[in-house]
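Have a look at the structure below, then the notes.
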Amino acid sequence: MEKKPISRAGFDALMKELKQLQEIERPAIIEAVQTARAHGDLGENAEYSSARERQRHIDKRIRHLEEIIGNAQVIDISSLSGDRVTFGATVTVEDDTGNKMQCQLLSDIEADGKVVIACTSPFGRAVIGKCRGDTCVVRTPGGEKEYEILEVRFN
């Protein structure tokens, strides 16, 4: 399977969440399931049903995090530099109406759609590889938008 880039901070946040789920939340919900099971008829036991549903949710999230972590290529963005837009770059762009936007290109998991944009998003794919002064066209649901790259920097 293809490795997917992620920043060190993003990777550490995933590891922290996984540890929380595995060491604290999962043991607690297993205990809650056992307690609810001891109350008798499981068919009419809302406490048991709720606890089992929560356990399924936690187990699913653990598997998802393990998959992401297993396929992660951790990139130390503090060591990156250059004049081309790559993963980890902070980009300032201006659209054809004069609106400026600044964002950082990171992984899908770290993206918030505002300040941090996924490098695999339509915008991310359009600006990757570009330099200051280049223009790119991004296909959006509202039509195509043209952006000029004003600045590329690495923090």
Quiz item: Do you know which two heavy atoms are closest between V85 and V127, and how far apart they sit?
Solution: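 Looking at all heavy atoms of both residues, the closest pair is CB-O, 3.2 Å.
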
Exercise. Grab the two heavy atoms, one from I77 and one from G88, that are nearest each other, plus how far apart they are.
Key: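 Shortest heavy-atom separation between I77 and G88 comes out as CG2-CA, 3.7 Å.
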
Within this structure, what is the [atom1]-[atom2] distance for the pair [X] and [Y], rounded to the nearest 0.5 Å?
X: S107; Y: I75; atom1: OG; atom2: CD1; value: 9.5 Å
X: Y48; Y: Q55; atom1: OH; atom2: CD; value: 8.0 Å
X: K4; Y: E67; atom1: NZ; atom2: CD; value: 8.0 Å
X: S7; Y: L105; atom1: OG; atom2: CG; value: 12.0 Å

Self-check item: ring pair (Phe, Tyr, Trp, His ring centres under 6.0 Å) contacts in which one or both residues fall within residues 54-97, not counting sequence neighbours
Solution: none

Practice problem: With sequence neighbours excluded, give me every ring pair (Phe, Tyr, Trp, His ring centres under 6.0 Å) pair touching residues 131-155. | Solution: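 Listed once each, the pairs are F123-Y147.
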
Which pairs count as salt bridge (charged side-chain N to carboxylate O under 4.0 Å, His left out) when at least one residue sits in [range], sequence neighbours excluded?
range: residues 70-99; result: D95-K145
range: residues 16-29; result: E17-R61, E25-R54, R26-D59
range: residues 146-155; result: E151-R153

Note, [X] side chain near [Y] side chain (heavy atom, < 4.5 Å):
X: V74; Y: I6; value: yes
X: V115; Y: C103; value: no
X: M15; Y: I69; value: yes

Okay, side chain of [X], backbone of [Y]: is any donor-acceptor separation there less than 3.5 Å?
X: S121; Y: A118; result: yes
X: Q22; Y: I62; result: no
X: E110; Y: V116; result: no
X: K3; Y: G70; result: yes

Quiz item: More than 12 non-hydrogen atoms from neighbouring residues, nucleotides or ligands closer than 6.0 Å to CD on Q102, yes or no?
Solution: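 Count over threshold, so yes.
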
Please tell me whether [X] and [Y] are part of a single hydrophobic cluster in this structure, the criterion being side-chain heavy atoms less than 4.5 Å apart.
X: L150; Y: I128; answer: no
X: L18; Y: I29; answer: yes
X: I68; Y: I58; answer: yes
X: L106; Y: L65; answer: no

Practice problem: Flag the pair E66 and R63 as a salt bridge only when some basic side-chain nitrogen lies within less than 4.0 angstrom of an acidic carboxylate oxygen. | Solution: no

Quiz item: Tell me the side-chain hydrogen bond (donor to acceptor under 3.5 Å, both in side chains) pairs involving residues 122-142, sequence neighbours left out?
Solution: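 Checked against side-chain hydrogen bond (donor to acceptor under 3.5 Å, both in side chains) - neighbours excluded - the pairs reaching residues 122-142 are R139-E144.
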
